[in-house]
Chemist: 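Got a structure for you, questions after.
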Number of protein chains: 4
Amino acid sequence: MTDAAPRNPERNEQRRRQILAAAAECFQRRGFHSASMAEISKAAGMSVGHIYHYFENKEAIIRAMVEAKAQEVVDKMDELRRHPDVLAALVEKVDEGMAKQTERASAAMTIEVLAEAARSPGILGTLCESDRVAMAKMKETLIAANPALAADPRLLDGRTNLIAALFDGLAIRALVNPDFDREGLLAALRLTMQTLLREPPAGNGGTR
Amino acid sequence: MTDAAPRNPERNEQRRRQILAAAAECFQRRGFHSASMAEISKAAGMSVGHIYHYFENKEAIIRAMVEAKAQEVVDKMDELRRHPDVLAALVEKVDEGMAKQTERASAAMTIEVLAEAARSPGILGTLCESDRVAMAKMKETLIAANPALAADPRLLDGRTNLIAALFDGLAIRALVNPDFDREGLLAALRLTMQTLLREPPAGNGGTR
Amino acid sequence: MTDAAPRNPERNEQRRRQILAAAAECFQRRGFHSASMAEISKAAGMSVGHIYHYFENKEAIIRAMVEAKAQEVVDKMDELRRHPDVLAALVEKVDEGMAKQTERASAAMTIEVLAEAARSPGILGTLCESDRVAMAKMKETLIAANPALAADPRLLDGRTNLIAALFDGLAIRALVNPDFDREGLLAALRLTMQTLLREPPAGNGGTR
Amino acid sequence: MTDAAPRNPERNEQRRRQILAAAAECFQRRGFHSASMAEISKAAGMSVGHIYHYFENKEAIIRAMVEAKAQEVVDKMDELRRHPDVLAALVEKVDEGMAKQTERASAAMTIEVLAEAARSPGILGTLCESDRVAMAKMKETLIAANPALAADPRLLDGRTNLIAALFDGLAIRALVNPDFDREGLLAALRLTMQTLLREPPAGNGGTR
DNA sequence: TATGAATGAGTTTTCATTCAT
DNA sequence: CATGAATGAAAACTCATTCAT
C-alpha cells in the first residue's frame, strides 16, 4: 500500500521518479485519459499492479507532476533572484522561459494538466496550491527587481498575474500557431516585461 | 446521413445549434471525454442516435464549437475597428475581453478544447485554421489602431501573438487562481496594451 | 402497408425488382447484416421509409431473393429438359453451371443467404421450401436424362443431393480457393456427372 | 495485453480453448454477428474484458477456429494415409466425413465462418491459407491412394477441388434439406469417390 | 405515394483497479 | 517487492423500424 512506510526510502523515490518520467512521456503522447495504466507500466518497465505501490491511483500521478512543475518555477525564481541585477536578468532570461513554454512536449503537458484540473477537484486543488506558492515566489522576485512595486499590493498582484498569464498563454500559442515568429514574439515579450517592471506604480497605468 | 442535403435547412441549423448548446454545457461541466453522448442527447432533448444525423461523431461537435468561437473573435474585431478611435477602443474594451476569458464556464471550455486539440489531429487542424483567420483579423485591427505597426511584419506578428497569448493565458489564470484581483490585472492589461500599440516600431523594443 | 392492394400492380412489381437489385448489390458488397437499409435505399434511389411499402422488413427482402434464385434453377432445368439429348446436355452444360456458381458476386450472395438462413427461421423456411421445389424439378430432369434412375427412389435422391451439394460447394471453393484450375475442375465435374447419370442403378454403386 | 508472453503458457492455452469452446457454441446457436461478447463471456465463465486478454478481438476468435478446423482435416488425412490400403480407406471412411459435415452444429459453424470470411479480409486470409495447407495434404493423400494421379497436376487439382467442393456442399445440404436420405447419398458419394480415385488419368475424363 | 427525422436498444471494446500468487 | 490475471462498468456509435408531413 502507498501509505506503508517504505523499507528503503531512496529506492522508493527512484521508483516514483521512474514512473513519473514514464507517465509524462505517455501523457504527452496520448493525453491523460487515453494513456492507460498498462501503457505507463510498460514505459516504466514494471507491472501495472506495482505502480499502485507507489501511487494511490492515476490521479496521484498527475498531482505529483503538478507539484514537480511548480517546484521548477520556484527554483527558477530563486536562481534569478541571486542575480546581481534582477530586473535585467528577468528581461534577459525571458528567452529561456519562452523556449521552455513553447517546446512542443512541455506545452502539450501543460495543457493536459490544465484540462484534467478543470474536471478533477483533486488535481485542481493541488494545482491551485502549487500556483499559490509559485506566485508568492514570483512576487518576491518582482519586488527584488523593482522595490517600488511592493508599495501597491493590487498593482503587484495584477502585474504578477499578467506575467503568469502571458507565460501560460505561450504554451497555447505554441500549440495553435506553431510557426509564429520567435524573434518577433521575444521582442514583444521583452518590451512588455520592461514596461511591467520599470513603470512607476503611480501614473495612468496604475490602479485607478 | 450527415452528408445528405437537408430538406429543411432552417430546421437543420436550429437542431445543430440546439446540440451545440447542450454539448457546450456538458463539456464545461464534465470535460469532453467524460461527457457521454447519452448525457449530451439528454441535455439536447433528443435521442442519441439522432445527434448522429447532424454531426458525424463526437469530434465533429467540438470542431463546430471551435469554429463558432473563432467567429466570435472575428466579430469582436470587426466591431472594434468600426470605432472612431480604434486604439482607445482596444485599450478601453480590454475589460470586456478579460471578463469573457475569465468567466468560469468559458475558461473551462477553452481549456477543454485545447486539450482535445493536443491529441486529436482533426480538432487541431480546425483550431489552427480558425486561429489563422482570427489572427489575420487581429493584425488588421492593430494596424487600424496604429498604422506604424504595419511597417515591420515581424514586430506586428510578435505583438499580435503576445496579445493572443495574454488572452489565452487569462483563461488559465481564471482556473488556477480564481481569486485574483480583477482591478489590478485590468490595470496591468491596459498598460501592456498601450505599450504594445503605441510604442514606435523603431527602438530597442523592436526586432533586433 | 405491404398488405394493401397496390393501385398499380405493374409499377409495384417494377419497384420491388428495383429494390431487390439494389439490395443484392449491397449484400454482396457488405453482407446482409452490414448492409444498412439506408445504404440499400440510396442504391435503390428511394427513401428508407418507402422500401417498407414494398417489403415488410429486411428479412422479407432476402426471402424474395431466395425465391428468385430457386426460380432460376427451375428455369434452367426446364431448359435442359427441352434438349433432345438431356443426358448429353447435362454433361455438356455443366460449364455454365460452374461458371455461374463460381462467379465471385454470385458465390458471395449464396453464402450470405445461407448464413442468414442458418440463424433466421423465417429465411430458413423459405430456403427449404424453395429447395424442395428445385430438387423435385431436378429429379424430373435426371429421370429425363436416364429413365432407369426412376427405379430406385433412394438412389435418385442420393444422386440428386450429391449433385446439389457439388454445385453448392463450388460457391465455397470460389471463395476459399479462387485460383483453382477451372479446366481441371470442369473435367472432374463432367466425369462425375457422367458417372452419376449413366451408371446402372444396380451394381456396387447402388444402395446396399 | 494479447502480445505479451504469458507467464504460464499452459494455463493460457487452456483459457483459449475454454473461450473457443464457448464461442463455438454461441456462434452455432446465434451466428457470429448475433452472438455478443457478453454472451460468449458468460458461456466461457469469465468476464467480457478478460476475453480480450486472450484474443485481440472478436474476429481473432473466429480466425483461431478456422485454423483449428483446418488442422482437423490435416489430421484426418494423416490418419487415412497410414492405412494399408489408402484408396479403400478413402472410399470406406467417407461415411465419417459425411456424418461430420452434415451434423447440424458443425454445418452451421462452417457456413457461419464462410459468411464472415466473405466480408472480412482478415478471416478470408486465414481461411485461404488454412485451405491451401489442407488441400496440399489432401493431394498427397490422393496420390497415396492412386499414384497415377500424380502424373497430371491439373487433373489432380481438379479432382481434389471437386472432392473438397463436395464435402463443403454437404454442410449446405444438411442445412437446406435436413431430411435427405443418408444411405442414398452415401452410396452416391462412394461411387463418386471410386470414380475420381480409380479412373485412369488418360481418357475422355482428363484435361482436354 | 414518398420522405427522412426520430427513436433507443444493443454492440464491441477499453481501462482503472484489485488481489492471489 | 513484484506480477499480471481478472473484473465489470461505461462509452461511442449503428441501425431497423415508425410515422408525421
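Just so we're on the same page: letters track the sequence lines, and every chain starts at 1.
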Chemist: Partners of Ala60(B) by side-chain contact (heavy atoms from CB on, under 4.5 Å), sequence neighbours excluded?
Modeler: Phe55(B), Glu56(B), Asn57(B), Arg63(B)
Chemist: Look at Arg16(D) and dA5(F) and indicate whether a side-chain polar atom (N or O) is within less than 4.0 Å of OP1 or OP2.
Modeler: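 No, outside the criterion.
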Chemist: Given atom CD1 of Ile51(D) and atom P of dT7(F), what is their separation to the nearest angstrom?
Modeler: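 In whole Å, dT7(F) P lies 10 Å from Ile51(D) CD1.
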Chemist: Going by the salt bridge (charged side-chain N to carboxylate O under 4.0 Å, His left out) test, which pairs reach into residues 42-52 of chain D, not counting sequence neighbours?
Modeler: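 Listed by first then second residue: nothing to list.
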Chemist: Can you give me the closest heavy-atom contact between Ser130(D) and Ala70(D), atom names plus distance?
Modeler: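 For Ser130(D) and Ala70(D), the tightest heavy-atom pair comes out as CB-CB, 3.4 Å.
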Chemist: Could you list the residues that satisfy salt bridge (Lys or Arg N to Asp or Glu O under 4.0 Å) with Arg30(A), not counting sequence neighbours?
Modeler: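 Partners of Arg30(A) by the salt bridge (Lys or Arg N to Asp or Glu O under 4.0 Å) criterion, ordered by chain and then number, come out as Glu39(A).
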Chemist: With rounding to the closest Å, how many angstrom separate the C1' atoms on dT21(F) and dT1(E)?
Modeler: 13 Å
Chemist: Sub-3.5 Å donor-acceptor pair from the side chain of Lys58(C) to the main-chain atoms of Ala35(C), do we have one?
Modeler: yes
Chemist: Partners of Ala108(C) by side-chain contact (heavy atoms from CB on, under 4.5 Å), sequence neighbours excluded?
Modeler: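 By the side-chain contact (heavy atoms from CB on, under 4.5 Å) rule, Ala108(C) matches Arg104(C).
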Chemist: Should stems be defined as at least three consecutive Watson-Crick or G-U pairs with both distances under 3.5 angstrom, which of them involve DNA chain F?
Modeler: E:2-21 with F:2-21
Chemist: Expressed as a whole number of angstroms, how long is the span from Ile61(B):CD1 to dA11(F):P?
Modeler: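 Taking CD1 of Ile61(B) and P of dA11(F), I get 15 Å after rounding.
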Chemist: Quick one: side chains of residues 111-122 of chain C, donor-acceptor pairs under 3.5 Å with protein atoms, not counting sequence neighbours, listed by atom name and distance.
Modeler:
residue   : atom : partner   : partner atom : Å
Glu112(C) : OE1  : Arg119(D) : NH2          : 2.8
Glu112(C) : OE2  : Phe32(C)  : N            : 3.0
Glu112(C) : OE2  : Arg119(D) : NH2          : 2.3
Glu116(C) : OE2  : His33(C)  : ND1          : 3.3
Glu116(C) : OE2  : Arg119(C) : NH1          : 2.9
Arg119(C) : NH1  : His33(C)  : ND1          : 3.1
Arg119(C) : NH2  : Glu112(D) : OE1          : 3.0
Arg119(C) : NH2  : Glu112(D) : OE2          : 2.2
Ser120(C) : OG   : Glu59(C)  : OE1          : 3.2
Ser120(C) : OG   : Ile123(C) : N            : 3.3

Chemist: For Glu67(A), which residues count as a salt bridge (Lys or Arg N to Asp or Glu O under 4.0 Å) partner, sequence neighbours excluded?
Modeler: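 Applying salt bridge (Lys or Arg N to Asp or Glu O under 4.0 Å) to Glu67(A) gives none.
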Chemist: Atom CE of Met46(B) and atom C1' of dA5(E): how far apart are they, to the nearest Å?
Modeler: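 After rounding, the gap between these two atoms is 10 Å.
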Chemist: Does dA2(F) have OP1 or OP2 sitting under 4.0 Å from an N or O in the side chain of Arg15(A)?
Modeler: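 Answer yes for this pair, as a side-chain N or O of Arg15(A) is under 4.0 Å from OP1 or OP2.
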Chemist: side-chain hydrogen bond (donor to acceptor under 3.5 Å, both in side chains) with Gln14(A): which residues, sequence neighbours excluded?
Modeler: none
Chemist: With sequence neighbours excluded, tell me which residues meet salt bridge (Lys or Arg N to Asp or Glu O under 4.0 Å) with Glu13(A).
Modeler: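 Result, salt bridge (Lys or Arg N to Asp or Glu O under 4.0 Å) vs Glu13(A): none returned.
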Chemist: Looking at residues 111-119 of chain A, who's got a heavy atom less than 4.0 Å off DNA chain F?
Modeler: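 DNA chain F contact set from residues 111-119 of chain A: none.
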Chemist: Can you measure Ile19(C) atom CD1 to dT1(E) atom C1' for me and round it to whole angstrom units?
Modeler: 13 Å
Chemist: Does Gln28(A) have any side-chain contact (heavy atoms from CB on, under 4.5 Å) partners at least two apart in sequence or in another chain, and if so, which?
Modeler: Ala24(A), Ala105(A), Met109(A)
Chemist: Can you measure Glu13(D) atom CD to dA5(F) atom P for me and round it to whole angstrom units?
Modeler: 14 Å
Chemist: I'd like to compare against my own output: the B/S/- annotation of nucleotides 12-21 of chain F with a strict under-4.0 Å heavy-atom distance to protein.
Modeler: SBBBSBB---
Chemist: Strictly distance-based, threshold 3.5 Å: is any side-chain N or O of Arg15(B) a donor or acceptor partner for the main-chain N or O of Tyr54(B)?
Modeler: no
Chemist: Whole angstrom is fine here: how far is it from CD in Glu39(D) over to C1' in dT13(E)?
Modeler: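 Rounded to whole Å, this separation is 17 Å.
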Chemist: Output the rounded distance in Å from NZ (Lys42(A)) to P (dC15(E)).
Modeler: 12 Å
Chemist: Could you state the CD1-P distance from Ile40(D) to dT12(E), rounded to the nearest angstrom?
Modeler: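 Atom CD1 in Ile40(D) sits about 7 Å away from atom P in dT12(E).
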Chemist: Nearest to the Ser47(A) side chain among dG4(F), dA2(E), dC1(F), which nucleotide is it?
Modeler: dG4(F)
